[in-house]
S.K.: 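Before we start, here is the structure in question, set down as structure tokens.
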Amino acid sequence: QTHLGTSMPSGGGHIINAPLIPRTSPGSVRDVVVSRKHLDEILGKVSVLPKAGEATLGELHSVAYACQHGAGPFEDVFRNILEGRTPAFRHPEQLGISAICVDLSSLAALNKSA
């Protein structure tokens with residue numbers, strides 16, 4: 001099967017992955033259609049992020065937390081991480097997008113210089 005979460009006839013060859021991309025109002029989300037290939041590409045990029053060391057884990061926060069505390073909209077921060085423009089790390093005990101950790105103070109400095 002080349003798609004996750006649904007049969008090909010019922011899903012039209014796509015999956016609904018919720019929640020991933022925030023809507024315009026804080027806290028609201030929408031369903032996103034994702035192919036297995038695209039999801040594998042995203043998770044592949046996450047899996048090669050440098051692993052956060054135990055000493056730095058206390059200074060790092062999830063992308064969701066960072067976005068709620070001034071880092072910017074999730075879709076911008078997430079895109080910048082995947083494209084290598086924003087430094088990020090991978091939490092050693094978590095998987096997928098929730099494993100991405102960022103240094104909030106570094107993100108704030110990056111945003112001010114942009």
Side-chain angles (χ1 to χ4, degrees):
Q1 185 177 3
T2 59
H3 299 84
L4 302 172
T6 186
S7 65
M8 294 295 278
S10 68
H14 297 90
I15 62 158
I16 303 298
N17 184 18
L20 179 61
I21 300 174
R23 284 191 177 177
T24 54
S25 62
S28 65
V29 294
R30 63 177 172 247
D31 293 339
V32 179
V33 178
V34 181
S35 73
R36 177 180 287 237
K37 179 181 177 192
H38 185 73
L39 185 59
D40 286 346
E41 288 172 6
I42 290 171
L43 295 177
K45 290 179 181 182
V46 172
S47 71
V48 297
L49 290 172
K51 191 180 197 181
E54 284 188 36
T56 59
L57 272 175
E59 301 167 13
L60 301 174
H61 300 281
S62 71
V63 175
Y65 179 90
C67 292
Q68 292 168 354
H69 291 85
F74 174 85
E75 54 269 29
D76 294 342
V77 174
F78 187 62
R79 183 182 319 107
N80 288 338
I81 289 169
L82 294 182
E83 293 175 357
R85 292 191 300 259
T86 297
F89 301 89
R90 183 174 41 88
H91 192 291
E93 297 175 5
Q94 295 182 9
L95 298 171
I97 295 169
S98 64
I100 301 172
C101 302
V102 293
D103 180 353
L104 194 53
S105 59
S106 295
L107 269 177
L110 256 167
N111 286 342
K112 285 181 184 177
S113 67

S.K.: Identify the heavy atoms of A88 and V102 that sit nearest to each other, and give their distance.
M.R.: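 Here A88 and V102 meet closest at CB-CG1, 4.0 Å.
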S.K.: Please identify each residue that fulfils salt bridge (charged side-chain N to carboxylate O under 4.0 Å, His left out) with E93, with sequence neighbours left out.
M.R.: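 E93 satisfies salt bridge (charged side-chain N to carboxylate O under 4.0 Å, His left out) with no other residue.
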S.K.: With a cut-off of 3.5 Å and sequence neighbours excluded, list every side-chain donor-acceptor pair involving residues 47-65.
M.R.:
residue, atom, partner, partner atom, Å
S47, OG, G44, O, 2.8
T56, OG1, G53, N, 3.3
T56, OG1, G53, O, 3.0
S62, OG, Y65, N, 3.1

S.K.: Just verifying a value: how many Å separate I42 CD1 and I81 CD1, rounded to the nearest 0.5 Å?
M.R.: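 Result: 12.5 Å between the selected atoms.
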S.K.: Locate the shortest heavy-atom distance separating G96 from L43; write the atom from each residue and the value.
M.R.: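 Looking at all heavy atoms of both residues, the closest pair is CA-CD2, 3.7 Å.
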S.K.: Run the ring-ring contact (aromatic ring centres under 6.0 Å, His included) test against H91 and tell me which residues pass, sequence neighbours left out.
M.R.: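 H91 satisfies ring-ring contact (aromatic ring centres under 6.0 Å, His included) with no other residue.
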S.K.: Which heavy-atom pair separates C67 from A71 by the least distance, and what is that distance?
M.R.: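 Answer, listing the atom of C67 first, then A71: N-CB, 4.0 Å.
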S.K.: In the structure I gave you, are the side-chain heavy atoms of R79 and L82 within less than 4.5 Å of one another anywhere?
M.R.: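 R79 does not reach L82 side chain to side chain.
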S.K.: By side chain to side chain contact (heavy atoms under 4.5 Å, CB included), which residues pair with E41, not counting sequence neighbours?
M.R.: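 With neighbours one apart ignored, the set is K37, H38.
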